[in-house]
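Accompanying notes for the structure given below.
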Amino acid sequence: MITIRENVITVSEYLDIRNQVNWKELLPNQAEKALANSLYTVGAYEDDQLIGMGRIVGDGAVICYVQDLIVIPKYQHRQVGSLLLSTLIEYVEQLRMEHSEMMLCLMCAKGREPFYMKHGFVARPNEALGPGMIQYLKEKEYIE
C-alpha cells in the first residue's frame with residue numbers, strides 16, 4: 001500500500017531517489033539546504049521505501065514552483081505522480097490568500113508536457129506567455 005508523508009524526506013532519501021532517475025548529482029549539503037528551504041515536501045512510500053517525491057518552493061504568496069517531482073521507474077505509470085502532484089497543488093491552494101491569484105509554475109522534462117497539462121498546467125510559450133528560461137551558475141574552470 002502506498003502512503004503519503006509530508007515534510008519527512010531525509011537527505012539520504014532525496015539523494016537516492018534523484019540517483020534512481022539519473023538526475024544531476026547534488027552535494028549532501030546542497031540536498032540538505034534544498035530540503036530545509038522547501039515550503040513543503042511530500043513523499044510516496046511503499047512500506048518504508050520512498051518511491052516518489054515532490055516539493056514546493058517559492059514565496060508562498062504570489063508564486064510557488066513544483067520542484068523535483070520524481071517517481072522511480074518501477075512505479076511510473078501507476079498514478080503515483082498524479083497523487084503527488086495533486087497533493088502539491090492542494091497544499092499551494094491552501095496557501096493562496098482569499099480573493100487572490102497564486103501562480104504555480106514548473107519546468108518539466110521534455111516529453112512530459114502531456115502529464116502536466118492533464119493536471120491543469122499550460123505549456124509555454126503560447127500567445128500570452130514567452131518561453132521559460134534557465135541559467136546554470138557554476139564555478140568557472142581555472143585556465144592558465
Side-chain angles (χ1 to χ4, degrees), residues 1-98 100-141:
M1 182 171 98
I2 295 173
T3 58
I4 297 297
R5 299 181 192 162
E6 301 175 317
N7 301 315
V8 297
I9 296 168
T10 67
V11 171
S12 61
E13 286 176 321
Y14 182 45
L15 292 171
D16 181 60
I17 199 167
R18 288 179 61 92
N19 184 55
Q20 289 186 62
V21 294
N22 298 313
W23 281 15
K24 287 184 179 184
E25 196 171 315
L26 299 178
L27 299 171
N29 58 341
Q30 276 182 297
E32 182 178 21
K33 190 169 185 176
L35 290 172
N37 288 333
S38 299
L39 294 176
Y40 178 70
T41 63
V42 62
Y45 290 82
E46 184 168 71
D47 300 318
D48 282 326
Q49 176 70 35
L50 182 67
I51 61 165
M53 65 145 308
R55 61 189 185 104
I56 295 292
V57 299
D59 62 25
V62 176
I63 190 165
C64 287
Y65 293 87
V66 174
Q67 195 66 41
D68 300 333
L69 187 64
I70 302 170
V71 177
I72 63 173
K74 178 180 173 182
Y75 290 90
Q76 292 176 4
H77 308 290
R78 295 168 73 180
Q79 303 301 309
V80 176
S82 292
L83 176 60
L84 289 166
L85 186 57
S86 295
T87 303
L88 294 171
I89 292 168
E90 286 174 25
Y91 171 80
V92 174
E93 180 60 37
Q94 291 172 14
L95 293 178
R96 188 181 57 77
M97 296 174 190
E98 192 174 0
S100 74
E101 181 177 77
M102 171 84 80
M103 287 186 287
L104 180 57
C105 305
L106 60 85
M107 292 192 298
C108 70
K110 199 170 198 118
R112 302 286 190 201
E113 297 88 349
F115 170 78
Y116 291 102
M117 290 171 80
K118 82 177 184 182
H119 290 281
F121 288 86
V122 176
R124 296 177 69 163
N126 58 36
E127 293 173 11
L129 301 169
M133 301 180 80
I134 191 168
Q135 180 182 122
Y136 290 103
L137 303 175
K138 59 184 177 180
E139 292 179 27
K140 296 189 186 335
E141 294 180 2

Item to check | Derivation of the side chain to side chain contact (heavy atoms under 4.5 Å, CB included) call for Ile4 and Leu84 | outcome: CA-CA 8 Å; Ile4 297 297; Leu84 289 166; 4.1 Å; yes

Checklist entry - Where do Leu69 and Leu88 land on the side chain to side chain contact (heavy atoms under 4.5 Å, CB included) test, with the steps shown first? => result CA-CA 10 Å; Leu69 187 64; Leu88 294 171; 4.2 Å; yes

Next on the checklist: Before you tell me yes or no, could you show the steps for Phe121 and Leu104 under side chain to side chain contact (heavy atoms under 4.5 Å, CB included), namely the whole-Å CA-CA distance, both residues' side-chain angles and the distance that decides it to 0.1 Å?
Outcome noted: CA-CA 9 Å; Phe121 288 86; Leu104 180 57; 3.9 Å; yes

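Separation of atoms CD1 (Ile70) and CD1 (Ile51) is listed at 12.5 Å; rounding is to 0.5 Å. Considering CG of Leu15 and CH2 of Trp23, their distance stands at 13.0 Å, rounded to 0.5 Å. The distance from the CD atom of Gln76 to the CZ atom of Phe115 is 10.0 Å, given to the nearest 0.5 Å. In this structure, the separation between CG on Leu95 and CE on Met102 is 5.0 Å, given to the nearest 0.5 Å. Expressed to the nearest 0.5 Å, how far OG of Ser82 lies from CD1 of Ile89 amounts to 9.5 Å. One finds the CZ atom of Arg96 at 12.0 Å from the SG atom of Cys64 (value rounded to the nearest 0.5 Å).
A side-chain donor-acceptor contact under 3.5 Å links Arg18 to the backbone of Lys24. No donor-acceptor pair under 3.5 Å is formed between the side chain of Arg112 and the backbone N or O of Tyr116.
Considering only residues two or more places apart in sequence or on other chains, Arg78 meets the side-chain hydrogen bond (donor to acceptor under 3.5 Å, both in side chains) condition with none of them. Checked against side-chain hydrogen bond (donor to acceptor under 3.5 Å, both in side chains), Gln67 has no partners two or more places apart in sequence or in another chain.
Side-chain contact between Ile9 and Ile17: absent, with no pair of heavy atoms (C-beta onward) separated by less than 4.5 Å. Between Val62 and Met103 the shortest side-chain heavy-atom distance falls below 4.5 Å. Taking the side chain as every heavy atom from C-beta outward, Asp48 and Arg5 approach each other to under 4.5 Å. Leu50 has its side chain out of reach of Ile72: every pair of non-hydrogen atoms, C-beta onward, lies at least 4.5 Å apart.
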Can you give me every donor-acceptor pair (side chain of residues 30-41, partner residue at least two apart or in another chain, under 3.5 Å) with its distance?
residue, atom, partner, partner atom, Å
Gln30, OE1, Leu27, N, 2.9
Asn37, ND2, Lys33, O, 3.4
Ser38, OG, Ala34, O, 2.7
Ser38, OG, Arg55, NH1, 2.8
Tyr40, OH, Glu6, OE2, 2.6
Thr41, OG1, Asn7, N, 3.4

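Closest of all the heavy-atom pairs between Pro125 and Pro131 is CB-N, 3.7 Å. Residues Gly130 and Arg124 share a closest heavy-atom pair of O-NE, 2.7 Å. Closest approach of Pro73 and Val21 over heavy atoms only: CD-CG1, 4.0 Å.
Residues Tyr75 and Gln49 have side chains that never bring a donor and an acceptor to within less than 3.5 angstrom of each other.
Atom OH of Tyr91 has more than 12 heavy atoms from other residues, nucleotides or ligands within 6.0 Å.
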